[in-house]
Amino acid sequence: MATYTPSEIEARWQQAWDKADVFKARRSADKPKYYVLEMFPYPSGRIHMGHVRNYTMGDVIARYKMSTGHNVLHPMGWDAFGMPAENAAMAIGGHPKTWTYDNIADMRSQMKPLGLSIDWSREFATCDPEYYGQQQALFLDFLEKRLVYRKNAQVNWDPVDMTVLANEQVIDGKGWRSGAEVERRELTQWFFKISDMAGELKDALAGLDNWPAKVRLMQENWIGESRGIEITFHRTDGNGTIQCYSTRPDTMRGASFIAIAPDHPVAKALEADKPELAAFIDECRKMDTTEAAMEKAEKKGIDTGLTVRHPVYDDVELPVWIGNFVLMDYGTGAVFGCPAHDQRDLDFARKYDLPVRNAFFMPGDTTEVGDEALVPAKTEKVSFIDHFAGIADVTSQEAIDATIDWFEAKGLGVGQTQYRLRDWGLSRQRYWGCPIPVVHCDTCGVVPEKKENLPVVLPDDVTFDVPGNPLDRHPTWRDVSCPSCGKPARRETDTMDTFVDSSWYFARFTAPRADTPTDLDDAAYWMNVDQYIGGIEHAILHLLYSRFFARAMRITGHLPQGCEEPFDALFTQGMVTHEIYQTRDDKGRPVYHLPEDVTDGKLADGTAVEIIPSAKMSKSKKNVVDPLGIIASYGADTARWFVLSDSPPERDVEWTASGAEAAYKHLSRVWTLCDRIAAMDAGAKGEGDDDLLRAMHACIHDVTMGVESFGFNAAIAKLYGFTAVLSKSKARHAAQREAIMTLAQLMAPMTPHLAEDIWAHQGGEGLIIHAPWPVADEAMLKSDTVTLPIQVNGKRRGELTVPADMDKAEVEKAALATEAVTRALDGGQPKKVIVVPGRIVNVVV
RNA sequence: GCGGGCGUGAUGGAAUGGUAGACAUAUCGGACUUAAAAUCCGAAGGGCUGACGCCCGUGUGGGUUCGAGUCCCACCGCCCGCACCA
């Protein structure tokens, strides 16, 4: 008997697809378009199981959509700029460009055996000058529309990578890539004006119905909208005012001090005359302002000696303090402290002996605040004391709204919405990135490079033997003449954050060879991405930046209207995990072992390993399974089938050797079954055709539902079930042939090679990829009889098989006659009988 | 602290408010085999019972409902995100 040989089958069908050029995407007027995209990979050099899972999910969707009559775009590219290439150049020599393109070639050749339905003719890498040149054109257009600007800024300096990090890229005070403790430095940097769009980016989240609620919420929290008011405080020395921003103006009665940021203009003005203030401010400047450091730091302040008049109570004067916890770049850089209703302010007040005064109490409880601030939920009703706006027993939220109105009416303040989102700093002091296309001229200042001179191509002749940016020490590249006046000038040597590269690649895929960033006709046809699939780790940065870019590209005419939200549907898939095998060396330090070196919990020499529960596959923990090895021993279809089978796609899936083995066995079984059916005698007798075909239609229905709703694991369970039914069927050849061909079609999105092989083996016409998706026959989904569970008081006590169309009254009669019910009734009458047609009968006794 | 998610057999996990545990792994039994592997068939939540059956069971405690894994409230545990944000 022939056996299932995936290596031979898979190579054959991949060639057949190539020959028929089936995955090439062309605009078409007579089919609806469908754009499916997986987050493109960084070319590290090796594909891993996470890639396999990500691309397989996209492939299932793409192939399913093809067979349901859609014109599908399913491209692939490389997020190819970034530090690992430079790190490799520093560590092992060579050039980032060579390293990157070699890796791309390796990964492409590892990816191709998966049999993905990708239109490879659209492939590009973000480090191709053809791509980053268009990105430079975008930058110049953004510059013209003032969507990008330069400012002096305190930046997060990563001393290891010698580069600036965005706030968002600082994690626990450490660089998100290097893990080095981040320092502060002041540099002139380029920024995208994403904060201008904060409100819109937040509001538009509500329309993203097909995004996970979790991701929308994370973005909402990141943007961080808060409604408050800017209040003017007049200095008692007559030297002007201090503006404070507050979200709790209703607590103004309890204000007992003002705190300003160390870099607030008022603080800076006092520095010259007051050495003790200068010393404090200096100390604050040295302080790390990263989130983690700020959290750990003690809340400190110093009295400036200034006072301001309370805006509501003329006779009250408030001292002005400098606080190390006040941030200059949020709000106005000044706040009023209300110790009674804010824990931080209360701690500060107790430390420096400032007054604590309640603005409200909880109803019926007039205990003054002690060491714990009174901060009830904003929806809770509180009793205000002698409130200036005339309110008494209301919720905090109502009080805030009323107080803002009151301040505005009196002309003492202006209601304002603040966002936590800051502008996106994109300058990187690094070689392997997209050069920022501007020139610095002593006469003309910052001059944009002329578009006809794009791309500004990275020079190849650079070395990495000294830290810092090689572009800074490359005179023939750096020194140019000013595009405006022609005098000697200097190129900008900073390059762009790699998040820029990934913020518009999805648009470029619609016309990857266009000599403008996009082609509007192609973009209008293919955009938006109908289904985007990727990891939850990109929930904030990448997706938010892409949403900003889509808007900015619309403003600059590079995308048509309607593409502001470029991803119609988003799916965030879980990771592939594996157990970790660990032993300890003689010093007790952990030593990790690869899964292939462990059999039955033991190493080859018999040493027992400690098994640590499943975690994300990582090189350092050695819990990695190489997809190439799996493909070599079982084939791509097995790898694809397994990563989809065990867990819901949004959750992590644990890779197990036995699971992969089982997937392979199942596919072999299906293949053998096909072989057996093909060899059947077409004229032979058989029975149960109808049962088989009914099961088949039920399977069509269930699998279609599963694929449509990302329930791949459930769809696979149904396919297992139907395979078991088919393999036991005694039906005639025609019915069995129909069943196996339909099974192949239903499996085709997941195991496309095996499906093609079965299709051909059974004499199917053309390629299975061109065959229309099977449609379940409604009539075959209904059966003549139905078995209803009979419950007594909600507990299952028996069952009853009745004609499917029997009416309720008769079902009730039949149910009451069943043995389980008569026994429970014991001669009495039922209190109530619930009959849910086709579902259940419940008798209440 | 705030926000979100999750909690079901030995394990991964099924289950539009309607038969809890589909499907798979691991386990056990049987067939085939000299034997093993492979393959095929079958069993299997816990407890009581000779058996028919009965009781208990989806983190804990309540509630809504004829009926709750599913909805509501409180709590416990785990995971994730965010945070001197005024």
Side-chain angles (χ1 to χ4, degrees), chain A residues 212-222 224-226 228-229 244-249 251 259 289 291-299 323-327 329-338 342-345 347-348 375 377 418-422 536-537 539-540 577 613-614 642 645-648 650-663 665-666 668-669 672 702 705 711 713-721 723-724 727-728 787-799 819-820 823 830-836 838-845:
Chain A
K214 180 168 60 167
V215 173
R216 291 192 314 212
L217 193 73
M218 282 162 79
Q219 292 221 352
E220 193 175 326
N221 291 338
W222 191 265
E225 187 178 84
S226 68
I229 189 166
C244 289
Y245 176 72
S246 172
T247 54
R248 293 305 301 268
T251 65
T289 55
E291 290 146 3
M294 294 284 279
E295 185 168 345
K296 274 180 234 143
E298 191 187 353
K299 280 77 183 158
N324 68 352
F325 54 88
V326 184
L327 300 177
D329 43 359
Y330 188 84
T332 58
V335 298
F336 74 78
C338 177
D342 183 294
Q343 193 59 46
R344 185 198 62 207
D345 291 350
D347 295 344
F348 193 79
V375 193
Q418 285 284 343
Y419 297 94
R420 175 189 175 280
L421 183 68
R422 297 172 198 178
I536 188 78
E537 68 271 22
I540 296 173
T577 64
S614 232
F642 180 76
S645 67
D646 254 16
S647 292
E650 68 275 16
R651 283 209 228 169
D652 294 350
V653 64
E654 183 180 347
W655 183 277
T656 60
S658 57
E661 173 90 24
K665 282 182 189 172
H666 177 74
S668 303
R669 220 174 284 136
T672 313
D702 293 344
M705 297 285 286
N713 57 324
I716 283 179
K718 299 293 181 186
L719 289 166
Y720 269 109
T723 305
S727 67
K728 282 173 199 159
T787 301
L788 301 175
I790 308 293
Q791 292 184 336
V792 177
N793 293 337
K795 290 187 195 255
R796 186 177 183 281
R797 283 295 180 262
E799 59 182 35
E819 199 227 320
R823 188 164 18 132
K831 253 197 214 156
K832 196 171 176 183
V833 181
I834 290 105
V835 178
V836 184
R839 276 264 172 220
I840 204 162
V841 179
N842 190 13
V843 181
V844 186
V845 300

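First the proteins, then the strands, lettered A, B, ... as listed; each starts at 1.
A donor-acceptor pair is defined here as one N or O able to donate and one able to accept, closer than 3.5 Å; such a pair exists between the side chain of A:Arg420 and the backbone of A:Trp222.
B:G13 and B:C85 are spaced 41 Å apart, taking the C1' atom of each and rounding to whole Å. B:U11 and B:G67 have their C1' atoms separated by 31 Å, given to the nearest Å. Nucleotides B:G46 and B:A37 have their C1' atoms positioned 35 Å apart, rounded to a whole Å. A distance of about 11 Å separates the C1' atoms of B:U70 and B:G18, rounded to the whole Å. Spacing between B:G21 and B:G30 at atom P, rounded to whole Å, works out to 27 Å. Across B:A36 and B:A31, the matching P atoms stand 11 Å from one another, rounded to whole Å. Comparing B:C75 with B:C54, their C1' atoms are spaced 33 Å from each other, to the whole Å. Taking atom P on both B:U19 and B:G69, the two are 10 Å apart, rounded to the nearest angstrom.
Below the 3.5 angstrom threshold, one finds a donor paired with an acceptor across the side chain of A:Asn842 and the base of B:C66.
Residue A:Arg796 places no side-chain N or O under 4.0 Å from the OP1 or OP2 atom of B:G67. Note on A:Arg839: every side-chain N or O is 4.0 Å or more away from OP1 and OP2 of B:G67.
What separates CD of A:Glu220 from P of B:C82 is a distance of 15 Å, to the nearest Å. Taking atom CG on A:Asp345 and atom P on B:C84, their separation rounds to 15 Å, with Å as the unit. Distance A:Arg422 CZ to B:C82 P: 14 Å, rounded to the nearest Å. Rounded to a whole Å, the CE atom of A:Met705 is 16 Å from the C1' atom of B:A22. Straight-line distance from the CG atom of A:Leu421 to the P atom of B:G81: 19 Å, rounded to whole Å. Summarising the geometry, the separation between CZ on A:Arg420 and P on B:C84 is reported as 7 Å, rounded to the nearest angstrom. For the pair A:Arg248 CZ and B:C85 P, the computed distance is 14 Å after rounding to whole Å. Residue A:Glu650 contributes atom CD, which lies 19 Å from atom P of B:G4 at whole-angstrom precision.
Scanning all heavy atoms of the two residues, the minimum distance from A:Tyr245 to A:Gly228 falls at OH-N, 3.2 Å. Of all heavy-atom pairs spanning A:Pro648 and A:Asn713, the tightest one is N-ND2, 3.4 Å.
Checking B:G1 for Watson-Crick or G-U wobble geometry (two distances, each under 3.5 Å) identifies B:C82 as its partner. Nucleotide B:A37 forms a pair with no other nucleotide shown, judged by Watson-Crick or G-U wobble geometry with both contacts under 3.5 Å. Remark: B:C75 base-pairs with B:G59. Criterion, Watson-Crick or G-U wobble with two distances under 3.5 Å.
For A:Lys665, the side-chain atoms get nearest to B:U39 when compared with the rest of B:U25, B:G18, B:U39. Closest to the A:Ala717 side chain, of the nucleotides B:U19, B:A22, B:C55, is B:A22. Nearest nucleotide to the A:Leu217 side chain, out of B:G4, B:G13, B:C55: B:G4. Comparing atom distances between the A:Pro789 side chain and each of B:U19, B:C82, B:C66 picks out B:U19 as nearest. Side-chain proximity of A:Trp222 to the nucleotides B:A24, B:G13, B:C82 is greatest for B:C82. For A:Asn713, counting side-chain heavy atoms from C-beta on, the closest listed nucleotide (B:G81, B:G13, B:U16) is B:G13. The A:Ile840 side chain lies nearest to B:G18 when the options are B:C41, B:C84, B:G18. When distances run from any side-chain atom of A:Pro648 to the nucleotides B:C54, B:A14, B:A20, the shortest one goes to B:A14.
The line from NE2 of A:His666 to CG of A:Leu719 is 7.0 Å long, rounded to the nearest 0.5 Å. One finds the CZ atom of A:Arg669 at 8.5 Å from the OG1 atom of A:Thr723 (value rounded to the nearest 0.5 Å). Note that the OG1 atom of A:Thr672 and the NZ atom of A:Lys665 stand 13.0 Å from one another [nearest 0.5 Å]. Note that OG1 of A:Thr656 is 4.0 Å distant from CZ of A:Phe642, once rounded to the nearest 0.5 Å. Once rounded to the nearest 0.5 Å, the distance linking CD1 of A:Ile840 with CD1 of A:Ile790 reads 8.5 Å.
Where A:Tyr720 and A:Ser645 meet RNA chain B, the nucleotide closest to each residue was compared, and A:Ser645 sits on the side nearer the 5' end. Projected onto RNA chain B by closest heavy-atom contact, A:Lys795 and A:Ala662 fall at different nucleotides, the more 5' of which corresponds to A:Ala662.
Within 4.0 Å (heavy atoms only), A:Thr656 reaches no atom of the nucleic acid at all. At a threshold of 4.0 angstrom between heavy atoms, the contacts of A:Arg797 are confined to the sugar-phosphate backbone, with no base atom among them. Residue contacts for A:Val836: at a heavy-atom cut-off of 4.0 Å it reaches a base atom on one of the strands shown.
Taking syn as a glycosidic angle within 90° of 0, B:G9 qualifies as syn.
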